[in-house]
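So the structure is just underneath, and the comments pick up after that.
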Amino acid sequence: MKKVINDPADVVTESLRGFAAAHADRVRVQYEPDVVVRADAPVAGKVAIISGGGSGHEPLHAGFVGPGMLDAAVPGAVFTSPTPDAVQAAVTATTSDAGALLIVKNYTGDVLNFETAAELAAAEGLDVRSVVIDDDVAVADSTFTAGRRGVGGTVLLEKLTGAAAARGDSLDAVEALARKVIGQVRSIGVALTAPTVPHVGEPSFSLADDEIEFGIGIHGEPGRERIKIEPANALVERMLNAVVEDLPFAEGDRVLLFTNSMGGTPPVELYLAHGIAERLLADRGIAVERRLVGPYITSLEMQGISLTLLKLDDELTELWDAPVDTAALRWRA
Amino acid sequence: MKKVINDPADVVTESLRGFAAAHADRVRVQYEPDVVVRADAPVAGKVAIISGGGSGHEPLHAGFVGPGMLDAAVPGAVFTSPTPDAVQAAVTATTSDAGALLIVKNYTGDVLNFETAAELAAAEGLDVRSVVIDDDVAVADSTFTAGRRGVGGTVLLEKLTGAAAARGDSLDAVEALARKVIGQVRSIGVALTAPTVPHVGEPSFSLADDEIEFGIGIHGEPGRERIKIEPANALVERMLNAVVEDLPFAEGDRVLLFTNSMGGTPPVELYLAHGIAERLLADRGIAVERRLVGPYITSLEMQGISLTLLKLDDELTELWDAPVDTAALRWRA
Amino acid sequence: MSCTANGVAAALRAAAKVVAEHRAELVELDRAIGDGDHGENLNRGFAAIVASLDAAVPDTPGAVLKLAATTLISKVGGAAGPLYGTAFLRASTAVGNASELDAAAVVAGLRAALEGVQARGKAVEGDKTMVDALLPAVAAAEKGTDVASVLQAAAEAAARGAESTVDLVARKGRASYLGERSAGHLDPGARSTSLLLGAFAEAAR
Amino acid sequence: MSCTANGVAAALRAAAKVVAEHRAELVELDRAIGDGDHGENLNRGFAAIVASLDAAVPDTPGAVLKLAATTLISKVGGAAGPLYGTAFLRASTAVGNASELDAAAVVAGLRAALEGVQARGKAVEGDKTMVDALLPAVAAAEKGTDVASVLQAAAEAAARGAESTVDLVARKGRASYLGERSAGHLDPGARSTSLLLGAFAEAAR
Ligand SMILES: Nc1ncnc2c1ncn2[C@@H]1O[C@H](COP(=O)(O)OP(=O)(O)O)[C@@H](O)[C@H]1O
Ligand SMILES: Nc1ncnc2c1ncn2[C@@H]1O[C@H](COP(=O)(O)OP(=O)(O)O)[C@@H](O)[C@H]1O
Ligand SMILES: [Mg+2]
Ligand SMILES: [Mg+2]
Ligand SMILES: [Mg+2]
Ligand SMILES: [Mg+2]
């Protein structure tokens, strides 16, 4: 393993120190438990939007803390969901009478730890709700699995609920919006290489030179299916079909297309894939009205991409366009 | 080689199609020769700022096209400087009576091709100047080499000259500013892994599991020295020393610190390195007043980082803070 | 060993040692069908328990178990943190504030632990989780006559239960994403449950 | 071959074939001490020359050389594009608009090419560049008696010149960043110059 790190056990905290120094104008970092908070938190009268999860998916979540998006991010150890006391610290630092919404990606660990935190907060008399995002179509959604994973849709959900909270929506309204978004966002990912978790020191899985993992998650869990590498045209079509046919998205739909790098895939490939996805959606009569392209929810240095489609309407489009001012996502601010 | 591509020969053009679709609000892409131009170009009365070079360093340069930064970017084939006719097309699309400044990274190919283009433009009666940036301290600056390479400082130079042009500075003034910036910016890079050029299909160099290339460029050229991997504290100190002692930067100096990922190094490591660099500069009594952290000048999927220091004064700080509105760099816009 | 506060503390220290020794193995097991953090996470949690015990050992077995529970909850994270945390918390409640535990109390603690894990994680037998080790362990423990034989029986059954997960297809936790591909691998959580009970049994001898 | 417009076109086609055949070798050489694009870039340029010639062969040898020059300049990029482009452009100017070139004209063209490369790139002998192949080639060419022997002598000298770059430390171009580490490798541009002259000589036989 070659990484720019010192002791693997200190990676997250040391990284947060650099993040705090780089973005002191936007965030404040608390340590032990580690929490990244909006510099001006708590914002009186505003619903707090809080998310978190294992580290290693940056810029998710810390890079999205700031006006128009998250009030706090709770980074766990690499690929390990944070503990309830850390979530609790984020709630305490950001939550006013307006309450808070916890955005939880659907992983057993995240759900259990955030659930516990929500119980603790309720015991303190705060109105804290949580929603679980599970947009990954690669996983069979059945009572016989842990359910679908939360992946790319999380980024969009954080932006949209952040915008709703910023314009003064109530917790009821923000929660309802979150459930609506979760209902109409779908994703799929693919990995060309494996990430290496610092304390493990070796790649999470191994792939032959001509193999890729189709339906990969964001934690180095092996994907659902191992397939041969294929040209981008075929690969993107395979990915898009999985997403489009799941909801399903249909001719005439207006969508946001989010083409995400898993970290190690460079922009030249990412934009190439994005271009193909745009063309294929146009062929299906689905109108791409908004797009996001970049490494926004990653898996350390893993090479791969994910595609996320969100069905848009006027309300979601307006919330998407609303100002956002964070380390990683910024417009009209 | 595993990449999300079709035919390696088409990578740049196909990628530009995706870029054009993703950023139609900001840019216009012309093909054959391939040029990325501000959507509202030419801007009357404003000096045009144009840069370019081989592709594979994204977001440099196309990601920096837009108000407050570049008027046009000229992407060559991967790691291959563009041809004069492409540069010429960029000049034609963006240059008003106010003239244009070409920002050229110091590589033989870039210098020769841009020089030729400038001659062609002069023949058409346009006032086109060029500056050559050579901020890489890894290369001995001597008449017996091709001279220092242009690396991380290029990003800062494009932002600062872009801001000067945006506020209406004359070509003389913008050119003088560019020379000043070039005089006080220095960089160093390190690679943990090699990039793979699509048409080559194999990594540009090979490194043992415990080796890194110190003083790497951005084209997969081997670095100046091969050293053993070391903890981040030691590595960042080694890098920073090389940069600080070159100019030299001294106690009391105000600086912009730019911690750059070469592409494959994830944010968690990058911010960790940034935090160390902040601490070491503070120890030296050098005041970090502005910072940029992210993958802004990359070498495909290469893992590694670079550090760039720019000596600030009030003028440069004001230009740095000025609004910028591009795909990859955006604030106050 | 007598099952006093100090005895339970000693058992937890023994468990911490075993977890540290098997850290890499648990990482490896989790890497195959999960995300490779199980060994690291548990090790962080048990090291923190030892640090707390070094500072001060609480008065009763129940209080020691509660300290373990809160430490695991606040230090481990992931799925295993809240699950093991809940297990120790429920065990702590079940044994009350007796100053020494007898065989029946230990069995009650184990049963409460199992119920806690199932309440939180909703896993049933055969889902390829730590439940597949803990459930047979509780059943076997009921046949023990003293603390040592209770824990010995539990440990042996847990080991067999853990082994049984190899053939299973995961239906809970991260391994479930793999579907059929999860078969053929030992479940890391079942393995760690077996290791913990083994360490407790050893300490009780 | 007579050195008419068609003859020069045939030589360029022959060169294009050789470049295509050696594309991977040139990439490999450039990968060792540069950025691995030399073969790809030249191949793209010469393929474009062939495409232009397929459409129409200009009237004079000089015009054919000029077509090659502008195509290389607009298609190759990198260092080699402007350098080879300038070489062909200067050669074109040197041979004027004669309808057939004699030995002296070919020598003049080669000398002009060398001067063009040196004027643009500022490299001198021993800098480990294409100059190390082209410079001895021009010197040797001057001893030839007819077009075929001029080119044959040039090709042989270029091959030896290219080989001589192996031991050199680069002082120009991308390889110069490597310093001492550039020694022990054949310079890709010197090798391509030798290949081009070899193809011309072969075509002239
Ligand atoms: N719902 C559940 N019920 C019981 N045990 C579970 C459940 N989900 C996961 N586990 C156990 O947790 C183990 C994984 O723990 P760990 O690796 O620490 O968490 P994570 O999966 O969050 O990385 C699995 O091997 C399994 O035994
Ligand atoms: N200043 C120079 N003068 C002459 N030849 C040069 C000079 N710089 C580079 N070259 C030649 O160009 C070759 C590299 O060409 P190429 O790989 O196409 O360009 P780049 O280095 O821009 O990738 C070198 O092997 C060398 O022979
Ligand atoms: Mg985990
Ligand atoms: Mg090149
Ligand atoms: Mg795990
Ligand atoms: Mg090259």
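From a predicted model like this one, the values you see are computed outputs, not experimental measurements. Below, read A as the first sequence line, B as the second, and so on, with proteins coming before strands; counting in each chain starts at 1.
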Hey, what's the ring geometry for Phe19(B) with Tyr271(A), parallel, tilted or perpendicular (30° and 60° as the breaks)? perpendicular
Whatever's closer than 4.5 Å to a heavy atom in chain A on Glu14(B) counts as both
Measure the spacing between OG1 of Thr298(B) and CG of Leu60(B) and express it to the nearest 0.5 Å. 8.0 Å
Contacting region of Asp209(A) [heavy-atom separation from chain B under 4.5 Å]: backbone
Between CG on residue Asp325(A) and CZ on residue Arg26(A), distance to nearest 0.5 Å: 4.0 Å
I would like to know whether Asn260(B) and Thr308(B) meet side-chain hydrogen bond (donor to acceptor under 3.5 Å, both in side chains); could you show each step before the answer? CA-CA 8 Å; Asn260(B) 176 61; Thr308(B) 297; over 6 Å; no
Non-hydrogen atoms of chain A under 4.5 Å away: do they reach the side chain of Ile276(B), the backbone, both or neither? side chain
Would you mind checking which part of Val11(A) comes under 4.5 Å of any heavy atom in chain B, side chain (CB onward), backbone (N, CA, C, O), both or neither? both
Okay, Ile229(B) and chain A: the region with an atom under 4.5 Å from a heavy atom over there is side chain
Choice from Arg279(A), Glu230(A), Glu211(A) maximising heavy atom contacts with chain B below 4.5 Å: Glu211(A)
Top residue by heavy-atom pair count (under 4.5 Å) with chain B, among Ala21(A), Gly275(A), Gly264(A), Ala20(A)? Ala21(A)
Would you call Lys3(A) and Glu301(A) a salt bridge, using N to O less than 4.0 angstrom? yes
Greatest number of heavy atom pairs closer than 4.5 Å to chain B - which of Asn6(A), Leu292(A), Asn233(A): Asn6(A)
Ring centroids only, cut at 6.0 angstrom: are His57(A) and Phe79(A) within range, meaning strictly under it? yes
Pair count under 4.5 Å, heavy atoms only, with chain A: among Arg290(B), Met302(B), Arg291(B), highest is Arg291(B)
Can a donor-acceptor pair be found, under 3.5 Å and without considering hydrogens, that links the side chain of Glu269(A) to the backbone of Val4(B)? yes
Give a yes or no answer on whether the side chain of Ser55(B) reaches the backbone of Val78(B) with a donor-acceptor pair at less than 3.5 Å. no
Please state whether the side chain, the backbone, both or neither of Val293(B) comes within less than 4.5 Å of a heavy atom of chain A. side chain
Among Leu16(B), Ile5(B), Thr193(B), which residue forms the greatest number of heavy-atom pairs with chain A at distances under 4.5 Å? Ile5(B)
Given 3.5 Å as the limit, does a donor-acceptor pair link the side chain of Thr265(B) with the main chain of Gly304(B), or not? yes
Among the options Lys2(B), His23(B), Arg17(B), pick out the one with the most heavy-atom pairs lying under 4.5 Å from chain A. Lys2(B)
Using heavy-atom distances under 4.5 Å, tell me whether Leu257(A) contacts chain B through its side chain, its backbone, both, or neither. neither
Closest contact, heavy atoms only, Arg332(A) versus Pro323(A): O-CB, 3.3 Å
Bottom line for Glu278(A): the part with an atom under 4.5 Å from chain B's heavy atoms is side chain
With a 4.5 angstrom heavy-atom cut-off, which part of Ala282(A) approaches chain B: side chain, backbone, both or neither? neither
Let me know if Leu270(A) has heavy atoms under 4.5 Å from chain B in its side chain, its backbone, both or neither. neither
